[in-house]
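Since we're looking at a predicted model, the values are computed, not measured.
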Amino acid sequence: TLHQHGITHEQLVDIGLMCGTDYHPGISGIGPKRGVKYIKSGKTVEDILEERDATIDGLDELREIFLSPTIGSVPDTPLTRREPDFDQFREFTHKWEFPTQFINKNLARFPRYAE
């Protein structure tokens, strides 16, 4: 994606911040296409914020979250692949009220699953 659009990782993060993240709604009226256009034209997030009289509280901190994320500890034992626990899955989906028809359709894709 970076190569295809001719942008850096840092610029991608700035585009994401302009579009909006889990931490901030972004800049009104800017989506991915417009964000790429602005960045490729040489503008910065700060330039766009100034032009639009907008703010992103904690901009530098948000950048840091995406550029240098905190990684959790590595488990002492290696992860192993196990068969899916369909009963636990059903319990989870029932708790969150997923549509039963949708769940059954998707579980049917697993040959080992027997309802």
Roughly how far apart are [X] [atom1] and [Y] [atom2], rounded to 0.5 Å?
X	Y	atom1	atom2	result
Phe98	Asn106	CZ	CG	11.0 Å
Leu12	Ile15	CG	CD1	6.0 Å
Ile7	Leu2	CD1	CG	5.5 Å

Would you list the pairs meeting side-chain hydrogen bond (donor to acceptor under 3.5 Å, both in side chains) in which at least one residue belongs to residues 26-36, sequence neighbours left out? none
Note, [X] side chain near [Y] side chain (heavy atom, < 4.5 Å):
X	Y	value
Tyr38	Asp47	no
Leu107	Phe89	yes
Ile39	Met18	yes
Ile48	Arg52	yes

Backbone N or O of His5 within a donor-acceptor pair of the Lys40 side chain at under 3.5 Å? yes
Exam field: side chain Asp14 to backbone Gln11, donor-acceptor pair closer than 3.5 Å: no
For atom CD of Glu10, decide whether the heavy atoms of other residues, nucleotides or ligands shown that lie under 6.0 angstrom number more than 12. yes
Verify side chain to side chain contact (heavy atoms under 4.5 Å, CB included) between Asp87 and Glu91, making sure each step is shown before the conclusion. CA-CA 6 Å; Asp87 292 331; Glu91 197 175 303; over 6 Å; no
Across all chains, not counting sequence neighbours, the side-chain contact (heavy atoms from CB on, under 4.5 Å) partners of Leu59 are Leu17, Val45, Glu46, Leu49, Ile56, Arg63
Quick one: side-chain contact (heavy atoms from CB on, under 4.5 Å) partners of Glu64, sequence neighbours excluded? Ser68
Side chain to side chain donor-acceptor pair (under 3.5 Å), paired with Arg90, selected from Asn104, Thr100, Asp85: Asn104
Would you name the heavy atoms of Cys19 and Pro32 that are closest together and state the gap between them? SG-N, 3.3 Å
